[in-house]
Amino acid sequence: MKKEFSLSNDNVMINFTAKYCNSPEKLLESTGFRRVFNSYLKKIKKKNSNIYKYLIQNASTENEDLDVFMIHLFKLLSVLNVNEIINLNTKYSSLITSRGTFVDFIEDFYSFWRKLERYTIIHNNKINEGLEKTSFLEANNDFSMLILNLYRKIEENVLGYKPMVYRQLPAGGNAGLIVNNAYWPIPSGYELLKDVPFIESIMLDLPYISYPKKNTRDGIFQECFENPLKNCTISTDHWFCYPAKVGTLLAFIYVHRDFMAHAITLCNLFEMAREKEYRGIKPDIVFVFGGKDSATAKALSSKVKTVFYDDIENNIMLGYISYGEEIDYFGYVKKMALTLHNLIMIKRGYLPIHGAMVNIVMNNGKSANVVIMGDSGAGKSECLEAFRSLSEDYISDMTIVFDDMGVVTLNSSNKPLGFGTEIGAFVRLDDLDAGYAFKEIDRSIFMNPDKINARLVMPVASYKDIIKGYPIDLFLYANNYEEVKEGNEEINFFTNPKDAIAVCKRGARMAKGTTTELGLVTSYFANPFGPVQKQELVDVLIDQYFEEFFKTGVKVGQIRTSLGVKGQEQDGPKKAAKKLFDLIIK
């Protein structure tokens with residue numbers, strides 16, 4: 001990012017390297033402040049709000065624009081009170097005499113600023129008028145206090161007294177980024193990504209809350225047979241790359257600035273690769289999120305593209321999702337990254353599992369490595385949270401291996417091994433215990449907390465644990481649609497691979513609003529993120545792996561989470577978890 005400031009799609013980017021404001025005067029005179037104020041004016045003008053009418057009727061702008069007039073008034077109010085300004089210059093009198101209305105305007109403008117998604121950026125390889133990396137954290141705190149103090153000072157000078165209560169809300173950046181220009185051996189067809197800066201460090205002001213335009217994901221990702229970047233245009237000043245470790249694979253995830261909240265959220269989901277792990281190294285995965293197609297490509301299709309391309313020549317699995325409000329949902333970023341990972345695993349002869357895996361050590365010393373398989377909304381994550389809530393009574397230790405997507409590999413004559421892909425969990429707020437989200441508020445990223453399918457993303461595992469490889473003891477299909485009753489217990493086991501494969505391949509679940517699907521639906525192997533696109537290859541792997549499960553003593557069955565049964569959303573996963581504990585103890 002070369003500009004000192006940008007404002008797009010309610011996203012503010014402040015480049016501390018180009019310019020850093022450390023005084024009220026610099027802040028009020030900055031290009032950024034004027035851009036924000038004019039954006040606010042545009043909004044209230046469109047609404048024709050009472051505050052806009054008040055400003056137009058009472059601001060004596062004469063030959064100057066309203067923004068220039070108001071910024072000059074802000075400068076005066078940063079050092080003088082209302083009476084002093086009226087005595088000094090009568091052109092402000094009619095505006096600031098109505099103190100209550102003027103304070104309403106200040107509060108409304110400040111609220112507008114805080115509702116924007118705000119990001120501060122420093123380039124590690126450049127030092128101009130801005131800051132060095134070593135002072136970045138302090139600069140973010142100081143910048144936040146500068147804005148907060150200016151807002152308070154102006155209000156105090158209007159009201160004539162100090163407030164009784166001070167609320168220390170974050171007023172600067174929601175997140176801070178340190179970026180660098182880390183070059184890698186870019187093959188032919190990828191040249192447009194050459195100068196996109198890599199995210200080196202992220203500073204979060206938690207709790208971090210974002211409001212994406214969508215809260216569900218639709219459809220599956222389709223394979224294309226030509227590099228989708230061929231018709232893509234990228235302005236490198238509008239892009240950032242998050243270098244991610246997706247399981248054992250290296251992924252370069254390129255995100256357009258208008259979807260910056262999703263790039264930030266990645267740090268709670270995938271381990272960020274260190275600079276020495278990606279500089280000069282070709283990745284296994286390249287994923288471009290928010291690319292804009294050329295006019296020719298747009299004419300061919302009015303819909304956004306959600307495609308992947310197996311670049312065999314360069315040994316890269318490429319994902320591409322084009323720009324549009326329809327894809328402004330973190331599920332698209334997460335699931336495409338996992339799809340690309342799974343496609344590579346399938347090519348290597350490994351079996352991707354859509355589910356959760358946990359290593360449980362009971363109070364009595366017994367332990368088990370449990371895999372719970374199921375599609376979105378089947379109750380995988382909810383069962384893990386139920387395990388956690390019961391941990392004081394039953395568990396001495398619990399390690400999450402994966403919370404949404406993992407991979408199973410064969411282990412010669414021993415039990416197959418389970419590996420994870422993510423260090424975080426992408427969990428529905430609706431299905432969590434009422435108090436749990438508040439317990440995790442200090443480390444979670446929240447999305448649309450006021451809507452159906454509200455989500456939080458929180459760290460749940462360490463990278464060393466997800467890539468360790470745990471031998472599987474129990475492999476359970478998450479059945480969220482059948483009630484628990486006589487003959488249908490919380491957990492039952494299959495006696496042969498054929499029956500187990502039939503249930504797992506069908507992938508039935510009661511849709512919970514995580515996608516646009518409703519009611520009882522099915523998906524191949526409960527995994528539309530790789531296996532469904534490569535069914536012929538996966539059919540062979542499923543037969544091979546399930547035979548190995550039964551051969552090596554892995555218990556394969558169903559766990560009825562009851563998450564899709566009305567009235568059982570909370571108690572169902574807890575009862576299933578309790579039943580699982582009872583089985584392990586025995």
Practice problem: Give a yes or no on whether the backbone of Ile584 and the side-chain of Asp582 come within a donor-acceptor separation of less than 3.5 Å. | Solution: no

Quiz item: Do Phe308 and Phe221 make the cut of ring centroids closer than 6.0 angstrom?
Solution: no

Quiz item: Strictly under 6.0 Å, is that where the ring centroids of Phe287 and Phe252 end up?
Solution: no

Quiz item: Between Tyr208 and Tyr119, what is the ring plane arrangement, given parallel below 30°, perpendicular above 60°, and tilted in between?
Solution: tilted

Practice problem: Keeping the roles fixed (side chain from Asn453, backbone from Thr216), state whether a donor-acceptor pair exists under 3.5 Å. | Solution: no

Quiz item: Mind checking whether Phe426 and Tyr329 have parallel, tilted or perpendicular rings, split at 30° and 60°?
Solution: tilted

Practice problem: Give the ring-plane orientation class for His262 versus Phe330, where under 30° counts as parallel, over 60° as perpendicular and anything between as tilted. | Solution: tilted

Quiz item: Are Ile353 and Val407 close enough that some pair of their side-chain heavy atoms sits under 4.5 Å apart?
Solution: no

Self-check item: Phe475 and Phe546 aromatic centres sub-6.0 Å
Solution: yes

Quiz item: Does Arg274 offer a backbone N or O that forms a donor-acceptor pair with the side chain of Glu277 under 3.5 Å?
Solution: yes

Self-check item: Test item: Asp328 side-chain N/O and Lys214 main-chain N/O as donor-acceptor pair under 3.5 Å
Solution: no

Quiz item: Charged N to carboxylate O below 4.0 Å: is that the case for Glu489 and Arg560?
Solution: no

Exercise. State yes or no: are the ring centers of Phe289 and Phe259 separated by less than 6.0 Å?
Key: yes

Quiz prompt | Main-chain N/O of Asn314 paired with Lys282 side-chain donor or acceptor, under 3.5 Å | solution = yes

